There are 2 protein chains.
Amino acid sequence: MTEPAHRGRASGTPRRPPTIHDVAAVAGVSRGTVSRVLQGGHNVSPASLEAVNAAIAKLGYVVNRAARSLVTQRSGSVAFLLTEPQERFFEDPNFTTLLRGCTAALATHDMPLLLMTAGDEAEQRRITRYLAAGHVDGVLLVSSHRGNPMIEQLREAEIPMVCCGKPLGQRGRVPYVAADDREGAKDMVRHLVESGRSRIATIAGPQDTPGGVERLYGYREVLDEYGIAFDERLVAYGDYSRAGGEEAAARLLATAPDLDAVFVASDLMADGALTALHQAGRSVPGDVAVGGFDDSPAALTTRPPLTTVRQPWDRISSEMVRLLLAQIAGEAQPTVILPTELVIRESA
Amino acid sequence: MTEPAHRGRASGTPRRPPTIHDVAAVAGVSRGTVSRVLQGGHNVSPASLEAVNAAIAKLGYVVNRAARSLVTQRSGSVAFLLTEPQERFFEDPNFTTLLRGCTAALATHDMPLLLMTAGDEAEQRRITRYLAAGHVDGVLLVSSHRGNPMIEQLREAEIPMVCCGKPLGQRGRVPYVAADDREGAKDMVRHLVESGRSRIATIAGPQDTPGGVERLYGYREVLDEYGIAFDERLVAYGDYSRAGGEEAAARLLATAPDLDAVFVASDLMADGALTALHQAGRSVPGDVAVGGFDDSPAALTTRPPLTTVRQPWDRISSEMVRLLLAQIAGEAQPTVILPTELVIRESA
DNA sequence: CTGAAAGCGCTTACAG
DNA sequence: CTGAAAGCGCTTACAG
C-alpha cells in the first residue's frame with residue numbers, strides 16, 4: 001500500500017488537510033473513483049469502495065466544500081434571514097425557538113445555517129446581493145410585516161425560499177409554513193363563550209401581519225357562529241409587545257368597562273393586559289377571563305398562568321427546512337398550514 | 001466597447017451570474033487586472049481601475065466565494081459555536097444579545113456567521129470535523145462550563161478561536177472576552193453594605209462556570225474588606241434558572257432567617273428569589289434587599305425592578321469579533337476583560 | 001502597471 | 001466499473 005504523499009509542513013506553515021488526491025493514492029485508485037464514492041458509491045466495485053473508505057478513515061479526509069461548490073454550483077448552505085429590526089426579533093421567544101429548530105433540522109442534512117439580519121435598507125441591499133450571487137442554496141425567510149421588498153427581489157433572482165408565516169401583499173406565490181392562526185383563535189374564543197362569557201373583547205395584533213389579521217377574523221367568525229353582535233368598542237390593537245398589550249387593555253377598559261373576557265393575540269400582550277386589569281382592580285379569571293396566543297415561556301410565569309394557543313414551532317421549523325430542501329432539489333412544494341392546540345391553564 | 005458574452009440561458013436553465021471573465025471583457029483588460037481591482041486596486045492604473053469598476057457595476061458582478069476560497073484557502077466566514085445544550089442557550093437573553101452583536105459586527109466585514117450547536121457528543125464530533133476541515137476561518141465559542149473537550153480539539157487543529165467568558169480548566173491559553181465578574185460582584189456587595197445591610201447572603205451560580213466562581217469571590221472579598229465574618233449559612237447555589245433561584249432563596253430563608261440582603265449571581269435567579277421572598281412574607285427592599293447580575297430584560301419586569309450589574313454585551317460581542325479577525329490575520333491578541341456597571345433600581 | 005499561465009480541490013461526461 | 005481529462009471561477013507569482 002502506498003503511503004500518502006506527505007505535504008511539507010515546516011513549523012509555522014498552516015497544515016493542509018488531505019485531499020481527494022491523497023485518498024486516491026492511499027486507496028490505489030483514481031481520483032474519479034474516490035469522487036464517485038463520495039457521491040454515494042454508485043458504479044464502484046465493492047473492492048474499490050472498501051479501499052477508498054479505509055483511506056478516508058485513515059487520513060481523516062473531509063471534502064473541501066469550496067472546491068465542490070465551484071463545480072456543482074451549490075453552496076451546501078442555507079441562509080436564515082431576518083428582515084425585521086433585529087431587536088424585536090431577538091426578544092421574541094417564538095423566533096429563537098424557530099432559529100433553534102431550523103439549525104437542528106439543517107444539521108441533520110449536514111448543512112450549515114448562515115444567520116443574516118437585514119435591519120435597514122442598506123443591509124437589505126447588501127444581503128440581497130450576497131444571496132443573489134448564489135452564496136447559499138436557499139433562504140428561510142422570517143418577515144411578518146406586509147410588503148417586504150426583499151421577498152420580491154429574491155423571487156426575481158430565482159432563489160429557493162420559504163417564508164415563516166404567510167407573506168402579506170405578495171403578488172407571486174411564495175411557499176410558506178404557518179400555524180393555523182384563524183382556527184387557533186376560533187378555538188380560544190369558543191372556549192371563552194362556552195365557559196359563559198358574553199362580553200368578549202379582543203386585543204388584536206398589527207393589521208399588516210398575518211397573525212394580526214387572521215386571529216381577528218377568527219374572533220369575528222366565532223361571534224357570528226354564536227349570534228353575538230360584533231361591537232367595535234370591544235376591539236383594540238397592539239404591537240405584540242407587553243407595553244402595547246397593557247395600553248390596549250386600558251383602552252378597552254375605558255370604552256367597554258363591562259367586558260368579561262379578552263382574547264389577546266399574543267402571550268406577551270396578554271401579560272401586559274394582565275397588568276392593566278390588575279391595576280384596574282379586576283380579578284382574573286374571576287371578573288375577566290384572559291386568553292393568549294403562542295404558548296410562549298411567558299405564559300407560565302404570569303399570574304395566573306395563561307390559557308393560550310400553542311403554535312407548533314418545532315414542526316414549523318422542520319417543515320420549513322423540508323420545503324426548502326425539496327425546492328432546492330427542484331421539486332415544487334405546496335404551502336403548509338399546521339394545526340394549533342388550545343392549552344387551558346388558569347387565566348380563562 | 002465589447003458587450004459581455006451572453007451565456008446561453010434557455011428557459012429552465014438556472015441563470016449564471018457574471019464572472020471575472022465577463023468583467024474583463026467589458027472592461028477591456030485581463031482577468032488578472034480585474035482580480036487586482038477586487039483585491040484593493042493596488043498596482044492598477046487609474047484608467048483600468050475605472051473601467052473595471054464600471055464593468056462590475058454594469059454587470060452586477062459579485063465575486064464567487066467558492067472559487068476565491070479554493071485558492072486563498074480561506075472561507076471568509078466564521079462559526080458561532082454553542083456547546084451548551086441548546087435549550088439553555090436560547091432561553092438566556094444574554095446569549096441572544098451576544099449572537100445578535102456578533103452577527104452585526106461580522107456583517108461590517110461582510111463575513112457571514114454560521115450558527116452551530118453541539119448539544120451532544122455526536123454533534124461535537126461532527127462539528128469538530130467540519131471546523132477542522134477548514135470550512136470556516138475561525139470560531140466564536142460560547143461554552144460556560146468547565147472542561148469542554150471541543151476547545152482542546154479546536155486548539156489542536158490550530159483553528160483561530162475566541163471564547164466568551166474565561167474557559168475553565170484549559171491548559172493552554174485560549175483568548176477570551178469577558179466582563180469583569182469579580183469587580184461587578186464587589187460593586188454590588190459594597191452597595192449592599194453601604195446601604196446599611198449587615199446579614200448579606202448570596203445565591204451563587206454553578207461552581208464550574210467562571211461567573212459562578214468569580215462572583216462568589218467578589219462577595220467574599222468585600223466581606224473581608226469590611227471585616228464581616230464569612231458565614232456559610234449565608235451561601236446557596238443555583239443553576240442560573242428562575243426555579244433554581246427560588247429554591248436557593250427558600251433554603252437561605254431556612255438556614256439564615258435573619259438575612260437582610262441577598263446578592264444573586266443572575267437576574268433570572270433573582271427573579272426566582274423575589275418569588276420565594278414574597279411567599280415568605282418578606283418585603284423587598286424593606287425587609288430584604290436583592291441585587292441581581294446581568295441587567296437582562298427580566299430586571300425591568302420584576303417587582304420591584306432589580307438593582308443589578310450590567311454586563312457590556314455589545315462590547316463583548318464586538319471585542320470577540322475584533323480579536324478573532326486579528327487572530328485570523330495572524331496577529332496574536334490578548335484576552336480582554338471589560339468593566340461592568342452597577343445599575344441601581346428599586347430592589348436594593 | 002499588465003497579461004499569460006499555473007493551480008486551488010473537486011465533479012462529471014467521455015471512452016473504454 | 002474505471003481512468004484521463006476538462007473545467008468550475010478565482011488568485012498570484014512570474015515575466016515583461
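Since we're looking at a predicted model, the values are computed, not measured. The chains referred to below are lettered A, B, ... by the order of the sequence lines, with proteins before strands, and numbering in each begins at 1.
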Checklist entry - Of B:H42 and A:L38, whose nearest nucleotide on DNA chain C comes first from the 5' end? => result B:H42

Checklist entry - Does A:S30 have a side-chain nitrogen or oxygen under 4.0 Å from the phosphate oxygens OP1 or OP2 of D:dG3? => result yes

Checklist entry - Nearest to the side chain of B:V44, which nucleotide is it out of C:dC10, D:dC10, C:dT2? => result C:dT2

Next on the checklist: Please report the distance, rounded to the nearest Å, between CG in B:N64 and P in C:dC10.
Outcome noted: 16 Å

Next on the checklist: Tell me every residue that passes side-chain contact (heavy atoms from CB on, under 4.5 Å) with B:A133, counting only those two or more places apart in sequence or in another chain.
Outcome noted: A:V62, B:H135

Checklist entry - Can you pull the salt bridge (charged side-chain N to carboxylate O under 4.0 Å, His left out) pairs that have at least one residue in residues 321-332 of chain A, sequence neighbours excluded? => result A:E319-A:R322

Next on the checklist: Show me the pairs that pass salt bridge (charged side-chain N to carboxylate O under 4.0 Å, His left out) and involve residues 60-72 of chain B, at least two apart or across chains.
Outcome noted: B:R65-B:D110

Next on the checklist: I need the full list of ring-ring contact (aromatic ring centres under 6.0 Å, His included) pairs touching residues 104-125 of chain B, with sequence neighbours left out, sorted by first then second residue.
Outcome noted: none

Which protein N or O atoms sit under 3.5 Å from an N or O of nucleotides 12-16 of chain D?
from	atom 1	to	atom 2	distance (Å)
D:dA13	N6	B:R36	NH2	3.3

Checklist entry - Taking only Watson-Crick and G-U wobble pairs with both distances under 3.5 Å, what dot-bracket line describes DNA chain D, where [ ] shows pairs that cross earlier ones and | shows pairs with another strand? => result |||.||||||||.|||

Checklist entry - Which of these nucleotides, D:dT2, D:dG3, D:dC10, is closest to any side-chain atom of A:S45? => result D:dT2

Checklist outcome for this item: Closest of D:dT2, D:dT11, D:dG9 to the A:N43 side chain is D:dT2

Checklist entry - CZ of A:R65 versus C1' of D:dC8: gap in Å, rounded? => result 18 Å

Checklist entry - Just how far, in rounded Å, is P of D:dT2 from CD1 of A:I20? => result 15 Å

Checklist entry - Can you list the residues that meet the side chain to side chain donor-acceptor pair (under 3.5 Å) rule with B:Q153, with sequence neighbours excluded? => result B:T128

Checklist entry - To the nearest Å, how far apart are B:L59 CG and D:dG9 P? => result 14 Å

Checklist outcome for this item: In this structure, CD1 of B:I20 is separated from OH of B:Y61 (nearest 0.5 Å) by 5.0 Å

Next on the checklist: Tell me the interatomic distance from B:H21, atom NE2, to D:dC8, atom P, rounded to whole angstroms.
Outcome noted: 10 Å

Which atom pairs, one a donor and one an acceptor, fall under 3.5 Å between side chains of residues 29-37 of chain B and the rest of the protein, sequence neighbours left out?
from	atom 1	to	atom 2	distance (Å)
B:S30	OG	B:G32	N	3.4
B:S30	OG	B:T33	N	3.3
B:S30	OG	B:T33	OG1	3.4
B:T33	OG1	B:R36	NH1	3.4

Item to check | A:R68 CZ to D:dG7 C1', straight-line distance once rounded to whole Å | outcome: 17 Å

Checklist entry - If you count the non-hydrogen atoms of other residues, nucleotides and ligands that lie under 6.0 Å from CD in A:E50, is the total more than 12? => result no

Item to check | Residues in contact with DNA chain D, drawn from residues 46-54 of chain B - heavy-atom cutoff 4.0 Å | outcome: none

Next on the checklist: Listing request: all salt bridge (charged side-chain N to carboxylate O under 4.0 Å, His left out) pairs with a residue in residues 137-147 of chain B, at least two apart in sequence or in separate chains.
Outcome noted: none

Item to check | Set of residues satisfying side chain to side chain donor-acceptor pair (under 3.5 Å) with respect to A:T72, sequence neighbours excluded | outcome: none

Checklist entry - Between atom NE2 in B:H135 and atom P in C:dC10, what is the gap in whole Å? => result 9 Å

Checklist entry - Rounded to the nearest Å, what distance is computed from the OH atom of residue A:Y61 to the P atom of nucleotide C:dG9? => result 10 Å

Next on the checklist: How close do A:V26 and A:K58 get, counting heavy atoms only, and between which atoms?
Outcome noted: CG1-CD, 4.4 Å

Item to check | For B:L324, all residues meeting side-chain contact (heavy atoms from CB on, under 4.5 Å), sequence neighbours excluded | outcome: B:V78, B:L140, B:P160, B:V162, B:I328

